[in-house]
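These notes are about the structure you will find just below.
Lettering of chains follows the sequences in order, A, B, ..., and the numbering in each one begins at 1.
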Amino acid sequence: MNLEKIIAHKAVSVFNKLYEQTLENNVLQITKTKKEFNGDYTIVLFPLLRYARKSPQQVGEELGAELKKNDNLFSDYEIVSGYLNISIDNSYWLDFVSEASQNPDYGMSLENENKQKIVIEFSSPNTNKPQHLGHIRNNFLGDSLSRILKANGHDVVKVNLVNDRGIHICKSMLAWEKWGDGTTPKSENRKGDHFVGDYYVLFNKMYKKDVEQLIEEEGYTEKEAEKESPLLQEAKKMLRKWERKNKKVRELWQNMNSWVFDGFDKTYADLGIEFDKTYLESETYLEGKAIVLTNMKRGRVEVANDDSVFVDLEADGLDKKILLRSDGTSVYMTQDLGTAIIRYEDYSFDKHIYVVGNEQDYHFKVLKIVLGKFGYEWSKNLEHFSYGMVELPDGKMKSREGKVVDADDLLAEMKKTAMQKTDELGKLDGLSDDEKNEIIRKISLAALKYFILKVDPKKNMTFNPAESIDFNGNTGPFIQYTYARINSLVRKAEELSINFGEQKLDNINLQDIEKQLIKTIYEFQNVVVDAGKNYSPAFIANYIYNLSKEYNRFYHDLPIFKENDEEIKNFRLKLSKLVGDIIKTALYLLGIEVPARM
RNA sequence: GGCCCUAUAGUUCAAUGGAUAGAACACAAGUUUCCUAAACUUGCGAUAUAGGUUCGAUUCCUAUUGGGGCUACCA
């Protein structure tokens, strides 16, 4: 039980006794005391006044005095304009430091009585183009959320769903067939996913010309032209051939997909992302089709005049949704229906989380309802973790037009900047190239991951490619640097054979900044829980920045090895080590590694 | 047209309905005989507008305006 609850509990029972009331626990509001006031926790007195029928000053005085009298947890109290600020006795904080220092998993609650089996799907790239900044946010959020849920004691399965079939894939294929001249990624020395992506962009360029021509020369409206374009018709024909398992088309498809997968493997390795299982839509989409047909027999879906199959959701306040095209091929929804069912057969999950952008809010709403209509009880356990788009200063990224910030390019750019910065500062002089590169890798990836994850996932975020991502201030490297400093202290202590871990913490007089640090350390366990409840890696990021900032102030203001008092010196080392451990754990939850030095 | 999300310093981000709205970057000025200056300290500067609920609103509700998204045969 955490301190806030303990205090609230005690305060309520004291209050009830004082004023002969029967308050519920949730009437009493308790918060952490703001830094500019004395005290650790604050009870807001306003809501209590109507029960006590006294002034804030009186209630605060009586409540504070009674709490302090009966319990040595409380060392002091003070009333400031309607707020009762309570101080916790130092011995409580010191005991906490000793305890946390001995727990290597401090912050993680790996035993959870409400343990759930959670399947989390993220990344979900298409094989017609390389990944861009939008995918990066998806990958980082999915990976970090998995780690956070695990830290909350859940059984987490990370799955990737690769969309390796469909009209968009055929577009790349068709363009390559038409204009590729038999070239390969190898012959052109181009990463496979980029190679294929080039043809996707090329298709769209030619398609646009096609459409313009139809409008100008044949007098079509824009809509008609878009539909009637010969190029698009050809791609559709290819998709039908693909669904009929046409040998030539399938061979081409296999080939181009394998190029893309080679590229993706490299990108995932660079990003430090792994999956427990990868599903391919080409292997699951038929299940979706089968389900739709079964439910057609049962009369749960409708068939239009042109033979397309749809479900009418107007009763649920939504529109009609197509499930099979008039030519019998599957749409996105069809696939997701099938995939969900297979997923449940595979894992019998308690919860299934889709990490997908908020542009698909409607899609997942429909998916859930349709599965419910089809009689799948577990559809209520599907959750859409909807995150905001990454926008460029001049608007949304459009991969059709090639207007994107490419994932691989961005990583390379980050590395270059990190290397340049490091050389300027002369930080890693004297290390071997391998050691140096490894540290640079960690720093540049941290800068990128932190930049993305510190933002509330629900919100859209802006990325300006013209301004490179910072390495100073509220950044990943800043936090890594704090860790590296601490690591250096610990190393030195070992060299000097100082065994600070054994230090008993009894009568240490805490400086303000030390106490503040301990309180922040204490918060970590709550932050991990909240981050799990709210699906928000940003909670962890903001927390760890704050902790690092406070530690740097402590490090700057107070002597450690130069402290004469042995007990205090050992205490400060112990505190430092604890902060270092928490930084490491917290960064781990964001998928960020720590360098031993930097 | 309908539905959903969103609006905080010059910029990028914070703030379970609680105290004087926090940071970072940028800008201006300081701190290295001292454990890593990728650090620390100081200054400048913001809740779109109009109502409402409340002891108290950046937070909840309504309207307006701006931005983004979705709206059955793209995924």
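For Y481(A), the side-chain atoms get nearest to A37(B) when compared with the rest of A37(B), C70(B), C25(B). Each of U36(B), C40(B), C73(B) was ranked by its minimum atom distance to the side chain of V331(A); first place goes to C73(B). Distances from the side chain of N542(A) to the nucleotides C73(B), A38(B), A14(B) place A14(B) closest. Picking from C13(B), U71(B), C40(B) the nucleotide with the shortest atom distance to the side chain of D319(A) gives U71(B). Listed candidates were C74(B), A38(B), A72(B). Nearest to the side chain of F310(A) is A72(B). Set against C73(B), C25(B), C35(B), the side chain of R325(A) has C73(B) as its closest nucleotide.
Stacking annotation: F37(A) is stacked on the base of A19(B) (ring centroids less than 5.5 angstrom apart, interplanar angle below 30 degrees). Ring-to-base geometry places F46(A) in a stacked arrangement with G18(B) (centre distance under 5.5 Å, plane angle under 30°).
The glycosidic torsion of U32(B) lies within 90° of 0, placing the base in the syn range.
Judged by distance alone with a 3.5 Å cut-off, no donor-acceptor contact links the side chain of T482(A) to the base of A39(B). Counting atom types as modelled, N85(A) pairs a side-chain N or O with a base atom of A19(B) as donor and acceptor under 3.5 Å. A donor-acceptor contact under 3.5 angstrom links the side-chain atoms of K427(A) to the base of U36(B).
Comment: E566(A) engages K569(A) in a salt bridge, judged by a side-chain N to carboxylate O separation of less than 4.0 angstrom.
C3(B) and G43(B) are spaced 48 Å apart, taking the P atom of each and rounding to whole Å. One C1' atom belongs to U33(B), the other to A28(B), and the distance between them is 29 Å to the nearest Å. Taking atom C1' on both nucleotides, U12(B) is separated from G52(B) by 33 Å, rounded to a whole Å. Comparing the same atom, P, in C60(B) and in C5(B) gives a spacing of 11 Å after rounding to whole Å.
Among the atoms of the strands shown, none is found under 4.0 Å from any heavy atom of S81(A). Looking at heavy-atom distances under 4.0 Å, L49(A) makes no contact with the nucleic acid at all.
Without hydrogens or angle criteria, E550(A) side chain to L547(A) main chain gives no donor-acceptor distance under 3.5 Å.
Rounding to whole angstrom units, NE2 of residue H556(A) and P of A37(B) are separated by 8 Å. Across the protein-nucleic acid pair, I43(A) atom CD1 and G56(B) atom P stand 22 Å apart, rounded to whole Å. As a whole-Å value, the separation of Y362(A) OH from A72(B) P is 7 Å. One atom, NZ of K365(A), and another, C1' of C3(B), lie 7 Å apart when rounded to the nearest Å.
Classification of the F451(A)-F463(A) ring pair by plane angle, with boundaries at 30° and 60°, yields perpendicular. A perpendicular orientation is assigned to the rings of W253(A) and W242(A), their planes being inclined by more than 60° (bins at 30° and 60°).
A residue-by-residue look at L489(A) and V44(A) shows that V44(A) has its nearest nucleotide of RNA chain B further toward the 5' end.
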